[in-house]
Amino acid sequence: MLLLFSVSIDMRYNSDMIYLLSFRLSDKKLNDPNIYPYSVFRNKDTEPFVFSPITVLYGNNGCGKSTVLNVIANKLDLKGKELATPNTFGILDYCTAFESECSYCLSDDEYGHEIKHIPQNSRYLKSEDILYEIKKIQQRQVLADGMLYDHVKGGMDLKDAKEYLSTKEGKKQQKFIEFAQEKYSNGETSLRFFEEFLLPDALYLLDEPEVSLSPSNQILLAEEINRLSRFLGCQFIIATHSPFMLGTLDAKIFDLDSDDYKVCRWSELENVRYFYEFFRKRKNEFK
């Protein structure tokens, strides 16, 4: 359970923080309609994104929400950025060209002074990064627990076993083992991962953070994001189509399925309406 910041909250923040105020995508149109990333936004008539402390980029697969996050991450040079590869066999670097044609504005700090730089601990977390980190956490934990058990079973005192595993030789033994049986579910480990990586005073770009989380844990994560934004100086730009995240986050929502990326209420979105209609038609089964 996410309890890292919910018990003791630093009250030095009395308002939501915004680091990245706006971002304008390139509006250049190429003759070839299939060149990435221009092709993703070719038929869109978009104004600059104007961000809130929490902003959601909603859309179905292929709408470009992950592309937008990655373009922002590259433009801001954030940790976790991914260098995209254009589909031109290296003849022209259209991805870099597209990025150079984008522009952004930073906000003011709490004293009204223009922010000069995005905080250093800001980062872009992709869904595949989350799954990779989950696996690393699981393997480290299972490996450490297993080796500790083996040493104690062999007659070593528990305290001595823990001290041994912290030594150079103990750590060397752990490195010899590459795979381990999973002990914790992906969802439980995912929550632990976010506890480690979501720190105060930062801008976070999150690509489908609900990966591996049950509906109840998605809501827990969304509530924690709300607290981090409200009290600990964090700004979030999140790509998701989870109705549980959408309904819980105190967010401004852009619908990337629309031609003009209009701002919507969560209850207006297609995916949310689909869930609503699905359960409404089956409401008698819940009686």
Side-chain angles (χ1 to χ4, degrees), residues 1-23 49-58 69 72-73 76 78-80 104-127 129-130 133-134 137 187-240 242-254 263 265-267:
M1 179 177 290
L2 289 178
L3 296 174
L4 186 61
F5 300 119
S6 57
V7 176
S8 177
I9 295 176
D10 186 342
M11 297 303 293
R12 69 185 183 277
Y13 295 101
N14 56 16
S15 62
D16 299 312
M17 192 67 189
I18 296 177
Y19 301 102
L20 181 61
L21 179 62
S22 65
F23 195 91
F49 293 103
V50 179
F51 300 113
S52 294
I54 303 175
T55 302
V56 166
L57 306 179
Y58 161 87
L69 287 183
I72 294 173
L76 298 180
L78 296 185
K79 183 177 181 180
Y104 65 90
C105 291
L106 301 182
S107 186
D108 296 335
D109 62 20
E110 60 268 36
Y111 303 106
H113 302 138
E114 182 182 357
I115 294 174
K116 301 297 183 183
H117 304 286
I118 295 293
Q120 287 187 347
N121 55 332
S122 300
R123 62 182 297 160
Y124 171 33
L125 289 172
K126 303 179 288 296
S127 53
D129 295 335
I130 296 170
E133 291 295 337
I134 286 172
I137 291 172
E188 292 171 323
T189 311
S190 182
L191 291 179
R192 292 181 59 204
F193 166 75
F194 284 114
E195 285 184 357
E196 283 188 38
F197 281 90
L198 298 184
L199 304 176
D201 305 317
L203 166 67
Y204 291 105
L205 311 184
L206 305 181
D207 186 5
E208 298 187 352
E210 69 273 11
V211 168
S212 299
L213 292 178
S214 66
S216 60
N217 281 336
Q218 290 181 36
I219 291 173
L220 280 177
L221 175 60
E223 289 173 342
E224 189 68 11
I225 288 173
N226 287 339
R227 284 191 287 269
L228 286 163
S229 170
R230 182 67 185 89
F231 298 112
L232 290 172
C234 292
Q235 182 186 9
F236 294 88
I237 304 174
I238 304 170
T240 184
S242 162
F244 306 102
M245 297 285 289
L246 291 163
T248 306
L249 291 169
D250 299 328
K252 180 179 186 179
I253 302 172
F254 288 95
V263 176
R265 292 183 292 110
W266 75 280
S267 56

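Note that the structure is predicted; figures quoted are calculated from it, not measured.
- Every residue two or more places apart in sequence or in another chain that forms a ring pair (Phe, Tyr, Trp, His ring centres under 6.0 Å) with Phe254 is listed here: Phe49.
- Atom OH of Tyr204 sits about 8.0 Å away from atom CG of Leu125, to the nearest 0.5 Å.
- In this structure, Ser229 and Phe236 approach most closely via the heavy-atom pair N-CE1, 4.1 Å.
- Of the inter-residue distances, the one linking Met17 atom CE with Leu203 atom CG reads 11.0 Å to the nearest 0.5 angstrom.
- Of the possible polar contacts, one joining the Gln218 side chain to the Leu213 backbone as a donor-acceptor pair under 3.5 Å is found.
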Steps toward side chain to side chain donor-acceptor pair (under 3.5 Å) verdict (Ser216, Ser214): CA-CA 5 Å; Ser216 60; Ser214 66; 3.2 Å; yes
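- Taking the side chain to side chain contact (heavy atoms under 4.5 Å, CB included) definition, one finds that His117 meets it with nothing, sequence neighbours left out.
- In this structure a side-chain-to-backbone donor-acceptor pair under 3.5 Å is present from Tyr19 to Gly233.
- Between atom CD of residue Glu208 and atom OG1 of residue Thr240 there is a gap of 6.5 Å, rounded to the nearest 0.5 Å.
- Considering all non-hydrogen atoms of both residues, Ala239 and Leu69 come closest at CB-CD1, 3.6 Å.
- Residues Asn226 and Leu249 come closest through the heavy atom pair OD1-CA, 3.5 Å.
- Taking CG of Leu221 as the start and OG of Ser242 as the end, the distance is 9.5 Å to the nearest 0.5 Å.
- Considering only heavy atoms from C-beta on, Ile237 stays 4.5 Å or farther from Leu206 through its side chain.
- Side-chain atoms of Gln235 come within 3.5 Å of backbone atoms of Leu20 as a donor-acceptor pair (strictly under, hydrogens ignored).
- Remark: the backbone N or O of Ile54 is not paired with any side-chain donor or acceptor of Ser52 at under 3.5 angstrom.
- Residues Leu106 and Ile118 are in side-chain contact: their nearest non-hydrogen atoms beyond the backbone lie under 4.5 Å apart.
- Here the CD atom belonging to Glu210 is positioned 8.5 Å from the CG atom belonging to Leu246, to the nearest 0.5 angstrom.
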Verdict with reasoning, Leu205 to Arg123, per side-chain contact (heavy atoms from CB on, under 4.5 Å): CA-CA 6 Å; Leu205 311 184; Arg123 62 182 297 160; over 6 Å; no
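- No donor-acceptor pair closer than 3.5 Å links the side chain of Asp108 to the backbone N or O of Ile115.
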Derivation and outcome, side-chain contact (heavy atoms from CB on, under 4.5 Å), residues Trp266 and Thr248: CA-CA 9 Å; Trp266 75 280; Thr248 306; over 6 Å; no
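- Put simply, the side chain of Asn121 never gets that close to the backbone of Ala202: no donor and acceptor are under 3.5 Å apart.
- Screening Thr55, Ile225, Leu57 against Ile238 for a side-chain contact (heavy atoms from CB on, under 4.5 Å) leaves a single residue, Ile225.
- Taking OG of Ser107 as the start and NE2 of His113 as the end, the distance is 13.0 Å to the nearest 0.5 Å.
- Between the side chain of Tyr124 and the backbone N or O of Asp207, no donor-acceptor pair lies under 3.5 Å.
- Closest non-hydrogen pair, Pro200 versus Cys234, comes out as CA-SG, 3.8 Å.
- Met245 and Pro209 get closest at one heavy-atom pair: CE-CG, 3.8 Å.
- The main-chain N or O of Ser122 is never found under 3.5 Å from a side-chain atom of Lys79 such that the two would form a donor-acceptor pair.
- Listed by chain and residue number, nothing satisfies the ring pair (Phe, Tyr, Trp, His ring centres under 6.0 Å) test with Tyr58 (two or more places apart in sequence, or in another chain).
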side-chain contact (heavy atoms from CB on, under 4.5 Å) evaluation trace for Val50 with Lys252: CA-CA 9 Å; Val50 179; Lys252 180 179 186 179; 3.8 Å; yes
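- Taking 4.5 Å as the limit, every side-chain heavy atom of Ser22 sits out of range of all side-chain heavy atoms of Tyr104.
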